[in-house]
Amino acid sequence: MDSGVQFVMTDGNWPKHKCGDGCDFSINVRDLSEEAELVFCVHRFILLIYPELNITNESRNRIVDVRQTCHPHVSSFLRYLYTRQIDVSITSAQCLHQLAFIFGVNKLMDEVGRVFTLLLPEDNSFQTQVSMYEYGVRTGDLVLQENVLQYLSWNCEFLISSPVWSTISFHMMDALLLRSDLVAKDEALLLEGLERWIQDKGDEISSEQQVSLLNHIRFLLIPVDKLYEMQFSSSVLHQNHEKLYLTGLLRGFQFNALPFSKIRNKMDNMSNDYLPRIYTADEFSVVINGTTINYPYYRYNYGQNNRIQTFSTPAHPSALYKEQKVQWQAQIFLSVQECSNYGVSCNSVPVARLYGYGNQNSYANTIRFSNRLILSCKNQNNVFHVQDFKNSMAVIPNNSSMGLPNPCPDDYSFRFVQNSASFGENIRFLLIPVDKLDEMQFSSSVLHQNHEKLYLTGLLRGFQFNALPFSKIRNKMYNISNDYLPRIYTANEWSLVINDTGMNYPPNYEYDEDEYDYSYGQNNRIQTISTPAHPSALYSRQKVQWQAQVFLTVQECSKYGVSCNSVPVARLLTEDNQNSYANTIRFSNRLILTCKNQNNVFHVQDFKNTMAVIPNNSSMSLSNPCPDDYSFRFVVRPEYI
């Protein structure tokens with residue numbers, strides 16, 4: 001034929017540049033986008049062995065469309081039909097799979113599909129893997145898609161930093177961001193990668209597609225300090241979808257400020273948003289590189305000290321647990337003897353062990369540790385195996401049972417990863433109790449409906465205030481805003497009331513003037529209260545003990561070593577080491593006077609050096625409407641410095 005070259009296959013020897021030797025069936029291979037065409041002459045009786053080809057005795061030829069880059073591999077494919085043998089390489093695999101798909105040779109498709117998996121670690125540029133995935137989508141090969149996605153998920157951090165990242169398709173990005181087995185430093189890295197990808201794609205990605213992808217970002221698991229920085233970003237996603245972005249930040253700060261039990265009450269099912277991926281930031285992982293035994297003498301445990309490391313992690317990424325540490329020990333056993341030395345039974349080696357000690361069990365009812373082991377080649381950007389720990393142990397499979405082949409069998413790294421999962425402008429949202437902030441996001445109030453963005457921003461700042469150290473927030477402020485200054489909040493957790501302010505002796509009480517009991521009933525005028533160190537969720541579990549006292553006579557003051565020039569006097573002093581908060585929190589406590597059983601406050605004053613001397617009527621801004629029958633309310637009022 002003038003348009004191509006004719007090859008003839010006889011007796012398994014390929015090719016011969018002649019026509020004949022019994023061949024009676026033509027296969028025309030062409031590329032519609034090019035003028036190139038190949039013609040192969042084969043034997044119909046060989047093709048009849050494969051019913052999938054739908055060849056009949058009357059058939060004389062078949063035309064197939066194959067892109068030109070695969071034309072060099074057609075002869076190998078046709079030889080397979082004769083010999084059932086073929087060599088598959090990283091350069092030929094996709095073409096051979098495509099030819100098997102076109103001709104309906106399912107057995108070869110399955111075999112090449114398995115080879116695909118073995119070839120995945122060979123290309124550190126990720127071009128082959130991305131091409132394989134797109135090909136799997138075109139051919140509907142779900143197994144190939146899953147194998148490629150798993151490998152790219154394990155190597156996502158390296159993929160994001162590669163030139164290939166900006167070329168991947170929307171449906172591939174969508175599939176990646178849905179996965180929980182994705183390995184990355186943290187969730188913020190994924191958001192940054194997504195924003196860069198959208199910027200590179202430009203108008204190619206619609207607004208609806210951007211929203212879909214942004215919904216896959218697990219804002220709740222972004223480290224709280226990075227959440228705070230993100231609100232000041234000018235990223236494409238922030239600008240184009242401000243409400244959705246604000247909602248994500250709000251939910252992130254909410255997750256860091258509220259107990260998970262509170263959040264879960266609002267959920268019908270466990271959302272993936274609350275499930276961590278595999279985050280490898282230094283605070284949650286440790287790497288052991290020593291995986292070989294180079295004996296100077298024959299010793300079973302030589303170098304083992306290099307394969308035992310201890311480290312501590314936060315109990316959970318949430319700000320509520322960030323300062324609560326869990327201690328871990330990571331170990332690698334390369335021989336059965338090493339296992340035996342530590343009282344561990346090993347049926348095969350190497351074995352990794354990661355176990356917690358100390359206070360890990362104290363979180364048994366709230367946190368589950370689903371730790372992971374990651375295997376990668378030393379000094380190379382490729383992860384080839386990820387597995388769970390079962391009862392603190394991870395037995396490393398051999399090459400035959402490993403999902404991917406080990407590309408560096410004698411020189412690879414073990415990364416131990418701790419993975420924990422939980423079960424109006426003038427309104428000072430920052431000082432609203434965090435559980436009430438949680439309820440407010442579900443409200444249908446007029447303000448919420450009419451000013452949704454402003455309302456969401458207020459809730460966001462409220463959760464932010466509960467999840468971040470104030471020093472972090474203050475770095476973004478020129479002056480302290482009134483939003484951060486508390487009013488006088490009288491909720492029960494912050495205040496107590498002393499009502500017994502008279503010395504009314506019982507009718508039959510007998511006393512001698514020389515033994516006048518000036519402290520009669522004083523026990524009713526001394527009370528203790530325990531308050532959080534600060535309204536922020538970061539301090540809500542750190543308690544400060546207070547004692548409130550009311551002295552009605554100078555003798556009562558003297559009894560407690562207090563000098564009183566006039567009475568009544570109120571005192572509020574801490575029984576704890578209040579100074580431990582001296583650099584972060586100031587207590588500006590208040591005394592409130594009200595008439596007993598009446599809803600009127602007629603006087604508020606500060607405590608000076610724990611004391612508040614009640615002024616008389618002439619020096620009081622308002623007259624005392626109940627001079628002999630009023631109540632003292634002691635209010636603890638912490639504020640950030």
Side-chain angles (χ1 to χ4, degrees), residues 154 181 183 276 278-317 321 324-378 383-406 408-423:
W154 290 352
D181 62 347
V183 177
I278 305 172
Y279 302 124
T280 59
D282 289 343
E283 66 176 341
F284 286 106
S285 69
V286 69
V287 175
I288 295 180
N289 281 317
T291 55
T292 56
I293 302 180
N294 301 313
Y295 303 99
Y297 305 101
Y298 192 76
R299 288 170 55 193
Y300 286 108
N301 61 348
Y302 181 76
Q304 190 174 0
N305 288 342
N306 297 328
R307 299 190 299 276
I308 298 176
Q309 290 193 36
T310 59
F311 65 110
S312 66
T313 68
H316 190 274
Y321 293 95
Q324 300 178 41
K325 301 299 184 182
V326 177
Q327 304 298 317
W328 302 91
Q329 185 171 84
Q331 299 172 314
I332 301 292
F333 303 127
L334 298 184
S335 69
V336 174
Q337 183 63 48
E338 285 184 359
C339 296
S340 179
N341 291 343
Y342 283 84
V344 177
S345 176
C346 302
N347 295 323
S348 65
V349 289
V351 174
R353 180 165 74 156
L354 178 63
Y355 68 95
Y357 57 93
N359 63 337
Q360 182 186 357
N361 292 333
S362 63
Y363 304 107
N365 294 325
T366 53
I367 298 172
R368 175 179 63 245
F369 295 98
S370 303
N371 302 331
R372 299 290 193 274
L373 179 69
I374 299 175
L375 301 185
S376 60
C377 292
K378 257 193 239 178
V383 173
F384 60 87
H385 186 66
V386 175
Q387 75 180 79
D388 301 345
F389 284 88
K390 304 294 185 185
N391 297 321
S392 80
M393 304 292 288
V395 179
I396 312 305
N398 55 35
N399 248 351
S400 61
S401 60
M402 197 177 284
L404 295 174
N406 182 344
C408 45
D410 298 321
D411 196 26
Y412 53 97
S413 299
F414 294 74
R415 181 182 287 273
F416 296 75
V417 182
Q418 183 262 51
N419 201 2
S420 50
S422 307
F423 309 176

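Every residue was checked against the salt bridge (charged side-chain N to carboxylate O under 4.0 Å, His left out) condition with Arg353, not counting sequence neighbours, and none meets it. By the side-chain contact (heavy atoms from CB on, under 4.5 Å) test, Thr310 pairs with Gln329, Tyr357, sequence neighbours left out. Applying the ring-ring contact (aromatic ring centres under 6.0 Å, His included) rule to Phe284 yields no partners; only residues at least two apart in sequence or on another chain are considered. For Asp282, the salt bridge (charged side-chain N to carboxylate O under 4.0 Å, His left out) test picks out no residue, with sequence neighbours left out. Partners of Tyr279 by ring-ring contact (aromatic ring centres under 6.0 Å, His included), not counting sequence neighbours: none found. Residues passing the side chain to side chain donor-acceptor pair (under 3.5 Å) test with Thr280: none are found, sequence neighbours excluded.
For the atom pair OG of Ser285 and CG of Leu354, the computed distance is 11.0 Å after rounding to the nearest 0.5 Å. From Phe369, atom CZ reaches atom NE2 of His316 across 8.5 Å, with rounding to the nearest 0.5 Å. Atoms CG and CD, on Asn371 and Gln387 in that order, are 12.5 Å from each other to the nearest 0.5 Å. The CZ atom of Arg307 sits 12.0 Å away from atom CG of Asn289, with the distance rounded to the nearest 0.5 Å.
Contact between Val183 and Trp154 at its shortest, heavy atoms only, is CB-O, 3.4 Å. Across all their heavy atoms, Lys325 and Pro314 have their closest contact at NZ-CG, 3.8 Å. Taking all atoms of both residues into account, the shortest heavy-atom contact from Phe389 to Ala352 is CE2-O, 3.9 Å. Ile278 approaches Val417 most closely through the heavy-atom pair CG2-CG1, 4.1 Å. Looking at every heavy atom in both residues, Glu338 comes nearest to Phe333 through OE1-CA, 3.3 Å. When all heavy atoms are compared, the tightest approach of Pro350 to Leu334 is CB-CD2, 3.8 Å.
Between the side chains of Ser370 and Asn419, no donor-acceptor pair of N or O atoms lies under 3.5 Å.
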After noting the C-alpha distance and the side-chain angles of Val287 and Phe416, does the key distance pass the side chain to side chain contact (heavy atoms under 4.5 Å, CB included) rule? CA-CA 6 Å; Val287 175; Phe416 296 75; over 6 Å; no

Please evaluate residues Arg415 and Val286 with respect to the criterion side chain to side chain contact (heavy atoms under 4.5 Å, CB included), reporting the C-alpha separation (whole Å), side-chain torsions for both, the decisive distance (0.1 Å), and the verdict. CA-CA 6 Å; Arg415 181 182 287 273; Val286 69; over 6 Å; no

Please determine whether side chain to side chain donor-acceptor pair (under 3.5 Å) holds for the pair Thr313 and Trp328, giving the CA-CA distance in whole Å, both sets of side-chain angles, and the decisive distance to 0.1 Å. CA-CA 8 Å; Thr313 68; Trp328 302 91; 3.0 Å; yes

Show, in sequence, the C-alpha distance, side-chain angles and deciding distance for Ile374 and Phe414, and conclude whether the side chain to side chain contact (heavy atoms under 4.5 Å, CB included) test is met. CA-CA 6 Å; Ile374 299 175; Phe414 294 74; over 6 Å; no

Go through it in stages, so that I can follow the logic: the residues are Cys339 and Val349, the test is side chain to side chain contact (heavy atoms under 4.5 Å, CB included), and I'd like the CA-CA distance, side-chain angles, deciding distance and then a yes or no. CA-CA 9 Å; Cys339 296; Val349 289; 4.3 Å; yes

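Using a 4.5 Å heavy-atom threshold, the side chains of His385 and Pro397 count as touching. Leu375 places a side-chain heavy atom less than 4.5 Å from the side chain of Ile396.
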